[in-house]
Number of protein chains: 2
Amino acid sequence: MGARGSDPSNDGAGRDAPLGRRERSRRRTLAELKAAALDEVREVGAPALALRSVARRAGMSPAGLYRYVESRDGLLTLLIADSYDDLADHLDAAIGRPPAGGGDAPPTVPDIADHDAGPATRMTAVALAYRAWAVGHPHEFGLIFGDPVPGYVAPAQGPTTTAMGRVGLALATPVIEAYEAGRLTIPPAMAATDLDEAVRPMEALAPDLPSELYLLLLTMWGRLHGQVSLEVFGHHAWLFPDGCEPLYRADVAALAADLGLEAAVDRPGARTGASTAT
Amino acid sequence: MGARGSDPSNDGAGRDAPLGRRERSRRRTLAELKAAALDEVREVGAPALALRSVARRAGMSPAGLYRYVESRDGLLTLLIADSYDDLADHLDAAIGRPPAGGGDAPPTVPDIADHDAGPATRMTAVALAYRAWAVGHPHEFGLIFGDPVPGYVAPAQGPTTTAMGRVGLALATPVIEAYEAGRLTIPPAMAATDLDEAVRPMEALAPDLPSELYLLLLTMWGRLHGQVSLEVFGHHAWLFPDGCEPLYRADVAALAADLGLEAAVDRPGARTGASTAT
DNA sequence: AACCATACGCGAACATCGTTCGCACTTCTA
DNA sequence: TAGAAGTGCGAACGATGTTCGCGTATGGTT
């Protein structure tokens, strides 16, 4: 049933195994296919992605696609995984971490990679990077964070799950650093003791933190995500036809204040870089 | 081009105009069609909604649908408008306002309609109603707040726009009341003066408020929405397979604290559960 | 060097989908 | 009562996702 081949035991990002010519060719075509599909998604959106159309774009017959892809949903799943990774790379760059995969090119110039910058500045940098990626890749953002495919559940330990972990960790890193430096104020409302268990899986990403901090990180993500999501999906267009960056910056500043991070973001000259995003 | 008929001059919610038999029949069928479509959406999700399937469900031929509906997207647009209104009704009920349309039945038992309750309590009530509706109607939530249809833009002054306004106003009401009672602390980060212009359209919903307050309301909505959105779209399922209500309650409590609303939510008997729930 | 299992790609086909068209039938209006 | 307008249906068109079976080229093996 379709998508056969490709020795699964030798799949992870390039051991030095010989990787015969066939396998290389296969991966190249798959990459072309994904690129064509991504172009298509960027133009017409995910729900309108037509398998036949990406086949045309790739100069292949519709039936031929099924040698590389399980189905239309399978292709979308691949795109979702790639999008996750792309977002994670951008966020990592914003906090000065090198991209994970054997990346082709640095996704963006590291915004404020300087670990000596204040926690508020670093937190602002990731937050702005989150928004910048979303605004710059609205369809991919929708792929990841929009309506889930009805039946689909991300396989645990699958590539999307790990990439999602990278995203969460990148967002969390500045706050965790602030906590470890003793410069973070955890709001008292986060001391809900009955959530200790639920939050346990997060230890796999960042071990040995108090559970209130895990909660705080979750709510922080939600706060940023909500604003970005409303903007990207067009629910703020009637107020901010030219983009919500000012609103977002104000919210991030308020978040920094709520977290007790010093408010050094606005000092003259300390631009956080994304100020001219399209 | 389909969907003709229905004298547009007599469309608003029931003047006492005679409303001939034909028009009544027409509205009834349209309602049945929308109900069938909504059932379908609830089962298979919006992207998989098949026009022929709702026709089957309604006992009508596929072609017949086009007497009532412009196209598949047109039908979805109708569902979106209805969903907006349903959400708005639920929120209105949570703050003790009667539903707008000649509603058939009260959507929920008003949670805390008592205007004498503290602002934090009332704010918590709407916030919880927002989440409750979303979790209870995930597909409709996705319809409203998920991937927008690529080409679609809500017509200004259209029904969806006004319903959206109702949603925003319901969410804002407790905070506005708190402001007018002098019991609200506006975070200083909201004093970004260059947003006065952008925020002007909001005066149509709630006039004569300082622009920092409009900004605060927007960020509050985003904060709540992000959490709900992440939950409904399944991005928290790995942590909270049984629902994120505890996390959400903690976040709302933190929000109330950030807004300086009194923390009377926890007084014995009121029990929002964020401290010692279950 | 010869060989053959395997991967690859394609054309044709099927069921289903959204949508249009023309025709019958019913209901309202003049 | 005659004509106009609304309502519904069957058939059809183009496009989609997917499967099947056929050739062909390729890579590793003897």
Side-chain angles (χ1 to χ4, degrees), chain A residues 1-8 10 17-33 36-37 40-41 44-79 149-152, chain B residues 1-8 10 17-33 36-37 40-41 44-79 149-152:
Chain A
M1 1 185 90
R4 28 203 187 289
S6 155
D7 178 12
N10 184 15
L19 199 65
R21 180 140 69 244
R22 218 165 208 169
E23 187 63 19
R24 246 182 310 149
S25 157
R26 178 175 182 80
R27 296 199 185 187
R28 188 158 34 82
T29 6
L30 179 57
E32 284 174 21
L33 255 34
E40 183 89 0
V41 164
V44 300
L49 177 137
L51 218 45
R52 293 180 120 101
S53 180
V54 345
R56 270 191 297 273
R57 215 187 274 256
M60 197 185 267
S61 116
L65 280 189
Y66 283 77
R67 299 284 177 194
Y68 297 88
V69 157
E70 199 176 351
S71 68
R72 180 179 177 275
D73 281 353
L75 176 55
L76 278 176
T77 304
L78 293 182
L79 293 188
V149 184
Y152 181 74
Chain B
M1 2 200 83
R4 31 201 185 287
S6 155
D7 178 12
N10 183 15
L19 200 63
R21 181 143 66 245
R22 217 167 206 168
E23 187 63 17
R24 245 182 310 148
S25 158
R26 178 174 182 80
R27 296 199 183 186
R28 189 158 33 84
T29 345
L30 180 57
E32 285 175 21
L33 254 34
E40 184 90 358
V41 165
V44 301
L49 177 136
L51 218 45
R52 294 180 117 104
S53 179
V54 345
R56 270 192 297 273
R57 214 186 275 256
M60 196 185 267
S61 117
L65 280 190
Y66 283 77
R67 298 288 176 192
Y68 296 88
V69 156
E70 199 176 349
S71 68
R72 180 180 177 275
D73 281 354
L75 176 55
L76 278 176
T77 304
L78 293 182
L79 294 187
V149 185
Y152 180 73

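Labels below follow one simple rule: chain letters A, B, ... track the order of the sequence lines, proteins then strands, and each chain is numbered from 1.
Counting only distance, with no hydrogens or angles, the side chain of Thr29(A) and the backbone of Ser25(A) share a donor-acceptor pair below 3.5 Å.
Nucleic acid contact for Arg52(A): base, since at least one base atom lies under 4.0 Å from a heavy atom of the residue. Within 4.0 Å (heavy atoms only), Leu49(B) reaches sugar-phosphate atoms of the nucleic acid but no base atom. Leu65(A) comes within contact range of no nucleotide atom at all, as no heavy-atom separation falls under 4.0 Å.
Where Gly64(B) and Pro62(A) meet DNA chain D, the nucleotide closest to each residue was compared, and Gly64(B) sits on the side nearer the 5' end.
The side chain of Tyr66(B) lies closest to dG18(C) when the candidates are dG18(C), dT18(D), dT16(D). For Ala63(A), the side-chain atoms get nearest to dC20(D) when compared with the rest of dT19(C), dC20(D), dG9(C). Of all nucleotides listed (dT18(D), dT19(C), dT16(D)), dT18(D) comes nearest to the side chain of Ser71(A). You'll find that the side chain of Arg67(A) is closest to dG9(C), out of dG9(C), dC21(C), dT18(D).
Rounding to the nearest 0.5 Å gives a distance of 11.0 Å between CG of Leu78(A) and CG of Asp73(A). Distance check, rounded to the nearest 0.5 Å: OG of Ser61(B) to CZ of Arg52(B) gives 9.0 Å. Considering OG1 of Thr77(A) and CZ of Arg72(A), their distance stands at 10.5 Å, rounded to 0.5 Å.
Remark: Arg26(B) is in phosphate contact with dT7(D), judged by side-chain N or O atoms under 4.0 Å from OP1 or OP2. For the OP1/OP2 pair of dG8(D) and a distance below 4.0 Å, the side-chain nitrogens and oxygens of Tyr68(B) include at least one atom meeting the criterion.
The separation between Glu40(A) atom CD and dA15(D) atom C1' is 13 Å, rounded to whole Å. When rounded to the nearest whole Å, the span between CG of Leu33(A) and P of dC8(C) equals 12 Å. Straight-line distance from the CZ atom of Arg56(B) to the P atom of dC9(D): 14 Å, rounded to whole Å. Between the P atom of dT19(C) and the CG atom of Leu75(B) lies a distance of 10 Å, rounded to the nearest Å. Taking atom CG on Leu51(A) and atom P on dT16(D), their separation rounds to 10 Å, with Å as the unit. Regarding Asp73(B), its CG atom lies at a distance of 12 Å from the C1' atom of dT19(C), rounded to whole Å. Computed from coordinates, the Arg24(A) CZ to dT26(D) P distance equals 14 Å when rounded to whole Å. Here dC8(C) presents its C1' atom at 13 Å from CZ of Arg28(A), a figure rounded to the nearest Å.
Residue Arg67(B) comes nearest to Arg26(B) through the heavy atom pair O-NH2, 2.9 Å, listed as atom of the first residue, atom of the second, then distance.
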